[in-house]
Amino acid sequence: MMDMKSVESKWQAKWEKSKLNVFNKKEMDKKLYVLEMFSYPSGANLHVGHWYNYGPTDSYARFKKMQGYEVFQPMGFDAFGLPAENYAIKTGIHPKDSTEKNVATMEQQLRNMGAMFDWTAEMKTCEENYYKWTQWLFLQLYKKGLAYRKEALVNWCPDCETVLANEQVIDSACERCGSTVLRKNMTQWFFKITDYAEELLDGLDTIDWPEKTKLMQKNWIGKSTGCEIYFDCETGDRITVFTTRPDTVFGVNYVVLAPEHPLVEKLKAAHPEQAEAIDAYVKYAAEANDIDRLSTAREKTGVFTGAYATHPLTGKQVPIYLADYVLYSYGTGAVMAVAAHDERDYAFAKKYNLPITQVIQKVGGETELPFCDDGILVNSGDFDGLSGEEARNAIAVHLTKIGKGGKKINYRLRDWSVSRQRYWGAPIPMIHCEKCGVVPVPEKDLPVKLPYDVEFRPNGKSPLASHEGFMNCTCPACGGKAKRDPDTLDTFVCSSWYYLRYPEAKNDKAAFTPEIANKMLPVDVYVGGSEHACMHLLYARFITKALRDMGYVNFDEPFKRLVHQGIILGPDGNRMSKSKGNVVSPDKYVDEYGSDVFRLYLMFGFSYTEGGPWNDDGIKSIAKFLDRVERLVCKAAEYPTNGNTEKTNAEKDLDYVKNHAIKSITRDVEDFSFNTSIARIMEYVNALQKYDVDVAEKNYAFYNACIKDLVRMFAPFAPHFSEELWEVLGQKNSVFEESYPLVDEAALVKAETEYAVQVNSKIKAKMMIAEGMTNEEIQALVVANPEIAAAMAGKTVKKCIIVKGRLINLIVG
RNA sequence: GCCACUGUGGCGGAAUAGGCAGACGCAACGGACUUAAAAUCCGUCGAAAUUAACCUUUCGUACCGGUUCGACUCCGGUCAGUGGCACCA
């Protein structure tokens with residue numbers, strides 16, 4: 001039995017020395033860029049999820065290498081982020097120190113995994129030579145007009161005096177101190193991802209991604225086609241509403257503004273009698289966090305502003321309300337309320353005793369309000385009698401004609417907010433000058449270094465704001481005194497371009513070289529969790545398209561193919577979490593059985609894209625399987641080498657199983673179907689063993705070749721183990737320099753095949769049918785079979801269905 | 001609530017284009033080897049009925065229905081679980 005620990009370190013050292021895993025730039029034409037989502041070093045150790053992502057994907061990469069591709073499989077660390085900073089606030093350990101420590105441990109564990117990572121291309125997003133280029137990216141977006149500043153609401157904890165991420169807000173309260181979280185306006189940097197909404201949508205058709213993920217992005221972008229309609233307000237302002245249902249416009253009973261709508265102040269001034277109620281309501285809405293406010297369970301609330309607007313088609317006066325079921329961030333922040341044909345408006349109208357006007361009639365049946373489907377227009381002037389789509393079109397056209405609105409496409413997608421009032425991130429390379437305003441840091445001055453000696457405990461400002469040495473600078477435009485931007489970039493900015501950096505991870509002249517990027521990218525296969533479906537994966541696509549428009553790259557999509565691994569749950573069927581106490585550590589299994597066994601078990605025990613509850617029942621059997629293979633190979637290594645080219649039936653059978661396995665594995669690995677691939681290897685091992693035991697007069701030349709093929713076939717799945725056996729077989733090179741065995745189709749052609757024979761679709765017999773028989777011959781042969789004749793009971797064959805290589809169905813009657 | 005995915009033996013899971021359901025393995029059971037155990041090797045292993053036994057038959061892929069010579073696979077409906085979105089106007 002092999003001592004896996006020493007075998008692993010032996011081969012890892014050899015691979016390192018021979019640079020087996022280092023991408024050979026001379027072979028760039030044959031490149032295959034296989035990328036796993038990089039690790040976030042929040043904990044010190046790799047967890048089962050890392051192994052499940054990296055182990056099987058590495059087997060895929062090794063398989064492709066053996067198929068002749070020059071595989072580039074890099075690894076790095078997404079090292080900036082909130083958890084390290086929170087940990088620092090709790091323990092006083094500096095984020096840089098804890099991160100570096102975690103990265104060191106994880107890197108060692110990743111190396112011990114024995115994956116084919118090209119460590120010469122390693123990078124960490126918190127290193128100066130990386131975040132310098134993240135800042136460069138920001139500047140390019142700024143130059144292109146894709147980075148801009150605006151006010152936006154943030155979650156604000158009044159006690160901690162800090163901005164909170166959504167995930168830090170639990171039930172409207174700060175996760176740290178429990179105070180009620182407020183919403184506060186702050187000026188923040190944004191990336192104009194909405195400029196690319198349409199292209200991000202269209203591009204989905206060109207990439208090989210899971211349909212589910214594409215659909216999620218599609219819903220996230222949320223394109224909706226409708227109409228803008230103008231309601232002139234008594235103050236002289238114009239309220240623009242967005243609706244997908246202009247066909248219901250004659251049923252408008254009132255207009256609703258989001259409480260944050262800028263017009264609110266003006267309306268308040270015009271109606272001082274309502275000011276108190278309006279103020280109270282705006283405050284109430286501000287206290288509600290997103291989750292509460294967006295909950296369907298929340299009672300509809302609102303307040304009358306005292307003001308009226310003019311209906312653009314009827315000229316009637318309709319009241320203007322504020323209600324928090326209207327979101328300022330979507331559409332125009334104002335809606336026309338049609339109580340009869342919208343559930344929310346209906347509930348609101350009922351509660352506040354507002355009129356309800358039916359303008360749509362159900363086709364064929366009683367119209368029950370609220371009626372939200374398409375129907376025939378009534379009470380709608382000239383448009384009466386039109387149905388849904390034609391009415392929407394006609395009304396939109398009419399609105400355009402009279403200058404009161406028109407067709408409009410809206411997206412749910414919002415611009416990407418990238419400012420974080422945090423320490424542990426890439427500083428935003430912007431300078432605020434009293435004279436010149438906002439001035440970008442010149443590229444030659446990058447990086448804007450993140451200082452080490454910072455008080456990162458919350459005090460109401462961004463931690464960097466209190467660091468005099470950092471904040472004070474000179475304006476690049478006028479040379480006067482100026483201040484730096486105290487915020488850091490969202491870590492999603494760091495991860496939105498890292499795949500471009502790997503091919504030149506150490507380049508200190510540029511973020512990347514266009515010629516190299518255009519050759520090395522797009523990433524051929526990207527593997528990671530589906531939790532990134534909407535954020536990271538959308539941001540990366542946006543950045544790629546933006547860089548393309550700036551002329552830095554010539555491709556549209558960063559990830560040609562995307563695969564999501566499933567999730568390994570705790571033994572109790574729940575997601576692993578410390579609080580549930582169901583976390584399974586890979587370390588003890590890796591220690592006991594070795595890295596190869598652990599990854600094999602992960603590949604064999606689960607359907608890769610499904611995952612499932614952890615259960616270690618089968619892991620021992622994988623270790624036993626390796627022992628079996630080892631015995632088989634070591635025994636064969638002692639065999640003589642004589643033999644001939646003629647094959648007996650036993651040899652043909654073995655050859656069949658081998659080639660069937662090669663063919664299946666070649667197809668299955670491409671589909672990330674590792675469990676079936678390993679099943680085929682097991683079948684082949686069973687067949688080899690059968691031959692070894694049953695056949696006394698062996699064709700050693702043939703058998704030894706079969707054994708060598710076994711080691712080649714197994715290599716991607718059990719790399720250290722297979723290298724060792726390859727050496728046992730007297731081979732001097734690495735098994736990964738070998739080609740993956742190719743299928744010999746001739747070996748898969750059998751003289752005769754077993755068919756299932758059915759009579760009236762019920763199986764009655766199994767028969768061997770020789771290759772090359774005509775359908776008539778087959779039918780004659782089958783009918784002559786006594787079991788079939790009995791099942792037919794003297795009836796005649798009306799139809800005979802023959803599925804080649806599988807079954808024969810006689811329809812008799 | 002909406003959208004999507006999933007539902008197959010005691011368990012993990014197979015089944016490529018609608019064609020023999022349960023590959024491969026785990027667990028369990030029986031046997032060989034052994035003083036014994038471990039390891040190893042061989043065999044059985046969806047359910048029910050029937051049989052002394054072999055045989056055989058029927059049922060069976062969450063549930064109900066449909067299309068088809070034939071359905072785990074396609075269509076319609078229901079239920080359950082998981083994930084995503086969540087007052088999107």
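Throughout, protein chains are lettered first and strands after them, A, B, ... in sequence-line order, and every chain is numbered starting at 1. These figures come from a predicted structure and were not determined experimentally.
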Separation of the [atom1] atoms in [N] and [M], to the nearest angstrom:
N	M	atom1	result
B:G7	B:C63	C1'	11 Å
B:A27	B:A38	P	13 Å
B:G70	B:C20	P	15 Å
B:A52	B:G60	P	28 Å
B:G19	B:G13	P	23 Å
B:G43	B:C5	P	42 Å
B:C26	B:C41	P	10 Å
B:G9	B:G66	C1'	28 Å

Ionic contact status for [Y] with [X], cut-off 4.0 Å:
X	Y	value
A:Asp692	A:Lys698	yes
A:Arg245	A:Asp342	no
A:Glu211	A:Lys214	yes

(Q) On the six-membered ring of A:Trp209, is A:Arg561 placed so that its NZ or CZ lies under 6.0 angstrom from the centre and within 45° of the ring axis? (A) no

Q. Is A:Lys408 positioned over the aromatic face of A:Phe242, cation under 6.0 angstrom from the ring centre and no more than 45 degrees off axis?
A. no

Q) Can you find an N or O donor on one side and an acceptor on the other, under 3.5 Å apart, linking the side chain of A:Lys798 with the base of B:C69? A) no

Of the candidate nucleotides [options], which contains the atom at the shortest distance from the side chain of [X]?
X	options	answer
A:Arg412	B:U58, B:C88, B:A89	B:C88
A:Met682	B:C24, B:A89, B:C88	B:C24
A:Leu327	B:A89, B:C24, B:G19	B:A89
A:Arg631	B:U40, B:G19, B:C26	B:U40

OP1 or OP2 of [N] versus the side-chain N and O atoms of [X]: is any pair under 4.0 Å?
X	N	value
A:Gln689	B:C41	yes
A:Tyr330	B:A89	yes
A:Arg628	B:C41	yes
A:Arg344	B:C88	yes

Q: Indicate the atoms forming the closest heavy-atom contact of A:Thr753 with A:Tyr755, along with that distance.
A: O-CD1, 3.3 Å

What is the ring orientation for [X] with [Y], classed by angle as parallel under 30°, tilted 30 to 60°, or perpendicular over 60°?
X	Y	result
A:Tyr328	A:His261	perpendicular
A:Phe371	A:His341	perpendicular
A:Tyr539	A:Trp416	parallel

Q) Across the strands shown, which category fits A:Asn686 at heavy-atom distances under 4.0 angstrom: base, sugar-phosphate, nothing? A) sugar-phosphate

Q: With heavy atoms under 4.0 Å as the rule, sort A:Ile763 into base, sugar-phosphate or nothing.
A: sugar-phosphate

Q. Syn or anti for B:G9, with syn set at within 90° of 0?
A. syn

[X] [atom1] - [N] [atom2] separation (whole Å):
X	N	atom1	atom2	value
A:Arg414	B:C85	CZ	P	12 Å
A:Lys620	B:A38	NZ	C1'	11 Å
A:Leu688	B:C41	CG	P	14 Å
A:Ile802	B:C69	CD1	P	17 Å
A:Lys804	B:A17	NZ	P	18 Å
A:Leu632	B:A39	CG	P	20 Å
A:Ile788	B:C20	CD1	C1'	13 Å
A:Lys300	B:A89	NZ	P	14 Å

Would you please indicate yes or no on a ring centroid separation below 6.0 angstrom for [Y] and [X]?
X	Y	answer
A:Phe672	A:Phe674	yes
A:Phe598	A:Tyr593	no
A:Tyr321	A:Phe348	yes
A:Tyr589	A:Trp614	yes

Q. Dot-bracket for RNA chain B: what is it, with Watson-Crick or G-U pairs under 3.5 Å, [ ] where a pair crosses earlier ones, and | for a pair to another strand?
A. (((((((..(((......[....))).(((((.......))))).((((......))))..(((((..]....))))))))))))....

Q: Starting from the 5' end of RNA chain B, give me the residue, A:Cys534 or A:Glu754, whose nearest nucleotide shows up first.
A: A:Glu754

Q) Taking the side chain from A:Asn809 and the backbone from A:Ser761, do they hold a donor-acceptor pair closer than 3.5 Å? A) yes

Q. If the sugar-phosphate is the primed atoms plus P, OP1 and OP2 and the base is the rest, what is the B/S/- string for nucleotides 3-15 of chain B, using protein heavy atoms under 4.0 Å?
A. SS-------BSS-

Extract from the structure each pairing of a protein N or O with an N or O of nucleotides 70-73 of chain B at less than 3.5 Å, listing the distance.
unit_1	atom_1	unit_2	atom_2	d
B:G70	O4'	A:Ser761	OG	3.3

